[in-house]
Amino acid sequence: MADQLAIGSRSGLKPALPLLLPAYLWLTVAIFLPLSAMVFFSFMTDLPLAGKEWAFTLGNYAAFFSQSLYSTLLFASLRLGLEVTLWCVVIGYPAAYVLAKVLKGRSREAIFLLVILPFWSNGLVRIFSWAMVLREGGILDTALNAVLPFKINIDLMYSYPAVIIGLVHSYVPYMVLTCYLTLQAIDDSLIEAGRSLGASRRQVLRRVIIPLSMPGLIAGAALIFVPVVGSFMEPRILGGRTGTFYGTVIEDQLVAVFNWPLGAALSFILLAVVLIILALAAPVLRRAG
Amino acid sequence: MATTRILEWCGRFYIVLLLGFLYLPIIIMAAMSFNASPFYQLPFEWTTDWYASLWQNDQLIAATWNSIEIAVITTLISTVLGSMASLALYRYEFRGKKFLQALLFPPIAIPWLITGTAMLIFFFGVGIGRGLIAILLGHVALALPYVIVVVSARLQTFAPELEEAARSLGANQWQVTMRVTLPWIMPGVIAGGLFAFAVSFDQFVVSYFLSTPGQTTLPVEIYAAIRKGFTPEINAVSTIIIVVSMALMLLTARFFKFGGEK
């Protein structure tokens, strides 16, 4: 074995190839080729199936830029992503802090598991459970009317807040998870040093803890923002008629209107926007890490 | 130090509130599957009728079997292919390795809506069409990156000297892999497999775009039922799914530390 290196790892692509090829071929066929095909189809007038006439066109992209509906909806989806991400930070970061710095030992392990357990359950089912709670005559309505002396009507179902609540519920465990991992890595003695040098709690938080946990915050934000911008099932179920977003329009083009080239173009525009946002976040993440 | 203690108790209270927010809807959903009223009316009346009628719902049962079959096959394929790839990425140094590792992130990072759209268009274009085969193709591709990441993480703790030692004692490549490396990375392989199962079993978006009326999975069937107007039968299936998924998650946690501490 002359090609062996001292550390035991060996060089050369040849011996690695049989092990690598099956997995990467599969990824190529099911992910990378489809994504390339989507770009290709987005420039067509119709799908080249069953002898249908087709030609190359920029019309699908022109549709996005000429009809303000699409860009309005894209902005609505970006806003939705931003709002959900912010709520997840507000709710998830303190929880991650308590988990990492207050709780100890077995109780920490148990609660950590409890927090991330729901996000391993079906997202669709979780959204459906909110429909139970939020609708008129639903649980929240009944419970509040039983407790409060006066009659109120809670009907959050099919509203923008309902979509926000459902999405925050689905995605907040990501934020807890990523922030917990970075917060846990902060050495307690750094915090103690800051305190003993006369910094107030707030100063320690602002100058030590938040900067050091920034990679977790950004990673969590990316993990939440990206899928929320492309969400369509949650707005459909909880938003009803108010739940029209960019994702639901793409869904419509593919399963209801059957204008696949337009759907592909809209998808590709979303992908481009998401990639630009991730690219902007990447250097911040690297610097913070 | 009194303030510190008060703050700590506030923190604990906050965690309890968060857990309430996370679990309340799920618990209510599950409770309603045992409530007699088909319109979710209170007061609560105990029944298991919805689970019984679930048993009669052929469409849901067929979809459930499809989901389980696809999840099991996805797990097998993605665990084997993924572990092989991780092993190659660990063992060998070659040009373009960084690029291959970077290629694992698009499938995880790109919204499923876009991946699903792309798969639908491409599979139709090349004649695979929609249906269970297409769903399986898609699920394995979604699960592979997770398996590779998890198994690679486990491989980081493996001492290459062990392979060296086995080789110098006369074991061939196959024996080294099966007798030395594989037993060591087994917890990672099992965790990766459970990840793959969960990714497939809970997958909705990609299955939704790739399914046809006869060939669907359980989440797709539930989505259709929710949009038609829900019944406690959906609560019953949902409860079963939640219990299965959470049990799987607990199993995964047993094999794979998520907390990041020893």
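The structure presented is a predicted model; accordingly, all values stated were derived computationally and were not measured. Below, read A as the first sequence line, B as the second, and so on, with proteins coming before strands; counting in each chain starts at 1.
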Does any heavy atom of chain A fall under 4.5 Å from the side chain of B/Met32, the backbone, both, or neither of them?
-> side chain

For B/Thr239 and B/Ala30 the tightest heavy-atom approach is OG1-CA, 3.5 Å

Quick check: are there more than 12 heavy atoms from other residues, nucleotides or ligands sitting under 6.0 Å from CG of B/Leu162?
-> yes

A/Val255, part contacting chain B, at a heavy-atom distance under 4.5 Å = side chain

What part of B/Ile234 is in contact with chain A, defined as an atom under 4.5 angstrom from a non-hydrogen atom: side chain, backbone, both or neither?
-> both

Would you mind telling me which of B/Val140, B/Val147, B/Leu17 has the largest number of heavy-atom pairs within less than 4.5 Å of chain A?
-> B/Val140

Between A/Pro235 and A/Gly243, what is the shortest heavy-atom contact and its length?
-> CB-O, 3.3 Å

Taken in chain and number order and not counting sequence neighbours, the residues that satisfy ring-ring contact (aromatic ring centres under 6.0 Å, His included) with A/His169 are A/Trp130, B/Phe21

Is it the backbone or the side chain of A/Pro261 that comes under 4.5 Å from a heavy atom of chain B, or both, or neither?
-> neither

Report the option among B/Ile241, B/Thr115, B/Leu120 that has the most heavy-atom pairs separated by less than 4.5 Å from atoms of chain A.
-> B/Leu120

Mind ranking B/Asn235, B/Ile27, B/Val237, B/Val244 by heavy-atom pairs under 4.5 Å with chain A and telling me who comes out on top?
-> B/Asn235

Measuring heavy-atom distances to chain A, does B/Ile15 have an atom under 4.5 Å in its side chain, in its backbone, in both, or in neither?
-> side chain

Please examine the side chains of B/Leu142 and B/Trp112, heavy atoms only from C-beta on, and report whether any two atoms are closer than 4.5 Å.
-> yes

Under 3.5 Å, side chain of A/Tyr246 to main-chain N/O of A/Ser267, donor-acceptor pair present?
-> no

Those residues at least two apart in sequence (or on a different chain) that pass ring-ring contact (aromatic ring centres under 6.0 Å, His included) with A/Phe32 are none

Let me know if B/Leu144 has heavy atoms under 4.5 Å from chain A in its side chain, its backbone, both or neither.
-> side chain

Taking the six-membered ring for Trp, are the ring centroids of B/Tyr208 and B/Tyr223 within less than 6.0 Å of each other?
-> yes

Checking A/Ile250 against chain B: side chain, backbone, both or neither under 4.5 Å from a heavy atom?
-> side chain

Largest heavy-atom contact set with chain A, pairs under 4.5 Å, which of B/Ala88, B/Pro25, B/Pro111 = B/Pro25

Cut-off 4.5 Å, heavy atoms of chain A, and the answer for B/Ile121 is both

Would you call the rings of B/Phe197 and B/Phe201 parallel, tilted or perpendicular, where under 30° means parallel and over 60° means perpendicular?
-> parallel

Under 4.5 Å to a heavy atom of chain B? For A/Val172 that would be side chain

Measure distances from B/Arg95 to the heavy atoms of chain A and classify the residue's part below 4.5 Å as side chain, backbone, both or neither.
-> neither

Step-by-step ring-ring contact (aromatic ring centres under 6.0 Å, His included) determination, A/Phe112 to A/Tyr180 = CA-CA 9 Å; A/Phe112 181 75; A/Tyr180 169 78; 4.5 Å; yes

In terms of heavy-atom proximity below 4.5 Å to chain B, should A/Ile237 be classed as side chain, backbone, both, or neither?
-> side chain

